[in-house]
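The structure under discussion appears below in the form of structure tokens.
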Amino acid sequence: MLENNLKETLLNVFKNDYHLKINPELIGFQQTRAEFEGDLTLVVFPFLKLIKKNPAMLADELGSALMAQNPLIKSYNVIKGFLNLSIQDDYWLKWLADNLQRTGYEQAVLDKSTAIVIEYSSPNTNKPLHLGHIRNNLLGWSVAEILKANGGKVIKVNLVNDRGIHICKSMLAWQKFGEGKTPESTGIKGDKLVGEMYVAFDKAYKSEQKVLITKGYSPEDAAKNAPLIQEAQLMLRQWENGEQETRELWETMNNWVYSGFDVTYTRLGIDFDKIYYESETYLLGKQIVMEGLAKSVFFKKNDGSVWCDLSAEGLDEKLLLRADGTSVYMTQDIGTAQLRYDDYKAEKLIYVVGNEQNYHFDVLQKILLRLEKAWASGIEHLSYGMVELPEGKMKSREGTVVDADDLMDEMFQTAKKMSEELGKGADLPHDAAEQLYNDIGLAALKYYMLRVDPRKTMMFNPAESIDFNGNTGPFIQYTHARIKSVLRKAVDNQISWPNTVASIDLMPKEKAVITLLHTWNEILRQAAINRSPALIANFLYELAKTYNQFYQDNPILRETDSDRRCLRLQISDLTARMLKYAGGLLGIQMPEKM
RNA sequence: GGUCUCGUAGCUCAGCUGGAUAGAGCAGCAGCCUUCUAAGCUGCGGGUCGAAGGUUCGAGUCCUUCCGGGAUCACCA
């Protein structure tokens with residue numbers, strides 16, 4: 001690697017010329033800013049404490065020593081304490097040709113001997129997927145792909161929350177108000193139908209509470225004593241006791257939901273290696289809690305409920321089993337964590353879950369460590385920010401949720417409309433055109449969601465629909481399609497671009513594209529370390545923009561010098577490949593034409 | 001109230017473990033298609049990086065305090 005090569009030379013210079021052993025960590029090269037001449041910049045200020053000289057003088061000495069000892073350096077200049085190094089054009093030309101021979105742009109920086117399990121999506125079966133899930137799904141899937149691209153052994157898992165009081169609410173509502181409706185009989189997507197039942201429950205439950213309050217109940221008592229909630233609680237106990245009728249209804253309704261979810265996942269381009277169901281893991285959770293109780297890690301209160309006291313660690317007491325013996329969220333997560341570890345012996349268990357659950361995961365890890373599960377130190381909560389609407393957080397009760405399917409439909413329609421306005425895609429057969437609109441709409445959505453730092457709360461304004469111009473997914477796709485068009489024309493005209501290294505001087509915009517492509521490995525590495533697809537998204541945008549600037553100013557096929565024409569085709573080819581590869585890590589398809 | 005987190009242009013966001021004159025896109029204005037895809041390119045206007053201190057040769061970035069927004073501290077998941 002270029003920077004390591006220069007670093008080594010620099011270390012030798014320090015050793016031989018200054019008799020200093022410098023900590024390699026102290027040496028950091030950065031990209032030279034566009035307004036200065038050079039490719040890489042060394043900031044010399046950190047060395048001034050060790051070598052008492054003025055910055056400009058030291059920079060100059062280092063520059064001339066480096067140039068004498070490393071043939072990669074073409075020239076250097078010094079501005080204040082900044083040493084700007086220019087690299088030989090040959091280096092860039094050779095790098096370009098070498099990389100055109102690769103088939104993929106992954107790298108092996110992670111240890112393949114142990115697995116990384118990453119959980120994302122984690123839906124409840126009582127509500128359809130919404131905008132928040134979209135961020136979660138895209139983020140989890142993309143981080144998994146990024147880790148794989150760095151050589152990691154990654155297992156993508158989903159944890160379906162398929163049991164609990166909330167599920168019973170939908171079931172009960174279906175029995176009472178469902179009129180025997182099924183997805184088949186109504187044509188309603190399964191997850192949507194069950195979601196409607198959940199809403200129906202909530203509505204009826206609220207009106208029951210109102211009636212009780214007029215009878216003199218306090219709001220709290222009304223909430224507890226409404227017949228519907230008591231029936232739902234009864235149903236949960238029946239479910240936990242394995243009562244057949246309840247179990248059958250539960251299974252039927254959950255299957256409706258799963259087939260609905262599958263449609264959404266497939267359309268989003270999301271997949272999993274393994275799906276866990278809480279109904280299959282909560283018993284293990286209970287068992288572990290009972291073991292912990294036996295070992296006095298936990299304690300029992302007078303009413304029979306089981307708790308963990310974390311006050312010594314600055315947290316509160318945490319409930320693990322209710323007085324009636326039913327399990328809570330934490331119980332289930334203890335079970336699934338154990339099962340997951342047993343299945344894969346993973347060194348890392350990454351949970352892609354919203355930052356509103358920071359406390360929960362803090363507690364989960366502490367409890368598992370108390371239980372002396374050493375692997376729990378590998379638990380990592382990839383805590384992403386919420387998606388907010390202009391009026392604030394999405395609230396399903398207030399009907400301010402943005403439904404995932406609806407949003408994808410909208411993106412498709414917008415892509416179709418824009419393409420038609422621009423007179424594009426008209427020559428394609430119907431199916432291919434539909435596919436293209438879908439790819440473009442999804443690219444706009446995915447890029448929009450993933451370009452933001454995962455940890456930050458982001459804003460989504462449905463009224464100002466997602467852009468297709470500027471810093472967007474379609475812009476990147478367009479750049480790819482544009483390059484492919486040029487390459488096709490080259491082939492049509494029997495112009496080839498072999499992986500040869502000509503000896504020519506690079507022009508500024510040619511070099512700008514190559515040096516940007518050259519940063520890919522570091523970008524990919526940082527994206528993995530920071531678990532941040534946003535870094536890939538930024539790279540894609542920079543690359544597309546820089547290429548378009550190059551394209552605007554430099555003829556490719558009309559270039560008469562054959563060596564230079566070949567070089568420009570090489571640059572175009574590698575840019576297209578890199579756009580496709582890096583875009584793939586975000587789940588963005590790169591059309592050949594658009 | 002405790003803990004955590006965010007605050008950068010009218011809006012949405014970049015700004016890598018502190019480095020040169022803080023960057024994009026959108027929106028606004030003005031240009032560029034008889035030449036490789038104009039979903040593109042070029043230019044203009046728009047900022048006391050929430051505020052005040054501090055550390056440093058150097059702070060949007062680190063520390064402290066304050067102001068403002070959000071999350072959480074549930075026998076909901």
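Numbered from 1 within each chain, the chains take letters A, B, ... in sequence-line order.
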Does [N] have a Watson-Crick or wobble mate here (both distances under 3.5 Å), and if so which one?
N      : answer
A71(B) : U3(B)
G28(B) : C44(B)
C62(B) : G54(B)

Just checking [X]: base, sugar-phosphate only, or nothing, at a heavy-atom cut-off of under 4.0 Å?
X       : answer
E592(A) : base
M594(A) : base
N84(A)  : base
T41(A)  : base
T472(A) : nothing
I440(A) : base
N554(A) : base
P46(A)  : base
F36(A)  : base
V486(A) : sugar-phosphate
D303(A) : base
E522(A) : nothing
F475(A) : sugar-phosphate
Q332(A) : sugar-phosphate

Heavy-atom donor-acceptor pair, [X] side-chain to [N] base, under 3.5 Å:
X       : N      : result
K424(A) : U37(B) : yes
N469(A) : A38(B) : no
T479(A) : A39(B) : no

Please determine, for the side chain of [X], which listed nucleotide ([options]) has the closest atom?
X       : options                : result
M458(A) : C13(B), U37(B), C36(B) : C13(B)
D316(A) : A74(B), C36(B), A20(B) : A74(B)
K545(A) : U42(B), C13(B), A74(B) : U42(B)
L557(A) : C36(B), G70(B), C41(B) : C36(B)
Q526(A) : G19(B), G7(B), C16(B)  : C16(B)

Could you verify whether a donor N or O on one side chain and an acceptor N or O on the other, from [X] and [Y], lie under 3.5 Å apart?
X       : Y       : result
N548(A) : Q552(A) : no
E37(A)  : N77(A)  : no
N158(A) : E119(A) : no
Y447(A) : Q477(A) : no

Length of the [atom1]-[atom2] vector between [X] and [N], whole Å:
X       : N      : atom1 : atom2 : result
K127(A) : C76(B) : NZ    : P     : 14 Å
I229(A) : C75(B) : CD1   : P     : 15 Å
H360(A) : C76(B) : NE2   : P     : 14 Å
D553(A) : G43(B) : CG    : C1'   : 14 Å
F468(A) : U37(B) : CZ    : C1'   : 18 Å
L436(A) : A39(B) : CG    : P     : 13 Å

[atom1] gap between [N] and [M], integer Å:
N      : M      : atom1 : result
A74(B) : C13(B) : C1'   : 35 Å
G46(B) : G23(B) : C1'   : 14 Å
U55(B) : G18(B) : C1'   : 11 Å
A38(B) : G70(B) : C1'   : 42 Å
C62(B) : U5(B)  : P     : 11 Å
A51(B) : U72(B) : C1'   : 27 Å
U17(B) : U3(B)  : C1'   : 26 Å
A27(B) : C11(B) : C1'   : 8 Å

* Do E522(A) and R525(A) meet the salt-bridge criterion of a basic N to acidic O distance under 4.0 Å? -> yes
Do D202(A) and K206(A) meet the salt-bridge criterion of a basic N to acidic O distance under 4.0 Å?
yes
Margin query: Centroid distance below 5.5 Å plus an interplanar angle below 30 degrees: do F45(A) and G19(B) meet both conditions?
Written below: yes
Aro-ring/base stack F82(A)-G19(B), d under 5.5 Å, angle under 30°:
no
Taking only side-chain N and O atoms of [X], does any of them lie within less than 4.0 angstrom of OP1 or OP2 on [N]?
X       : N      : answer
Y359(A) : U72(B) : no
K80(A)  : G19(B) : no
K489(A) : U37(B) : yes
K224(A) : C75(B) : no
R322(A) : C76(B) : yes
K169(A) : C76(B) : no
R451(A) : G25(B) : no
Q357(A) : U72(B) : no

For this session: May I ask you to check whether Y277(A) and W250(A) place their ring centers less than 6.0 Å from one another?
Result: no
Run the numbers on D492(A) and R488(A) for salt bridge (Lys or Arg N to Asp or Glu O under 4.0 Å), then give the verdict.
CA-CA 6 Å; D492(A) 289 347; R488(A) 276 193 302 274; over 6 Å; no
Result for 5'-nearest mapping on RNA chain B, choosing between R33(A) and P474(A), is R33(A)
Whichever of G164(A) and F550(A) has the more 5' nearest nucleotide on RNA chain B, that residue is F550(A)
Tell me, with the steps shown, if Q526(A) and I523(A) meet side-chain contact (heavy atoms from CB on, under 4.5 Å). CA-CA 5 Å; Q526(A) 289 297 333; I523(A) 300 284; 5.9 Å; no
task: Could you walk me through whether Y547(A) and F550(A) pass ring-ring contact (aromatic ring centres under 6.0 Å, His included), step by step?
output: CA-CA 5 Å; Y547(A) 180 85; F550(A) 154 80; 5.3 Å; yes
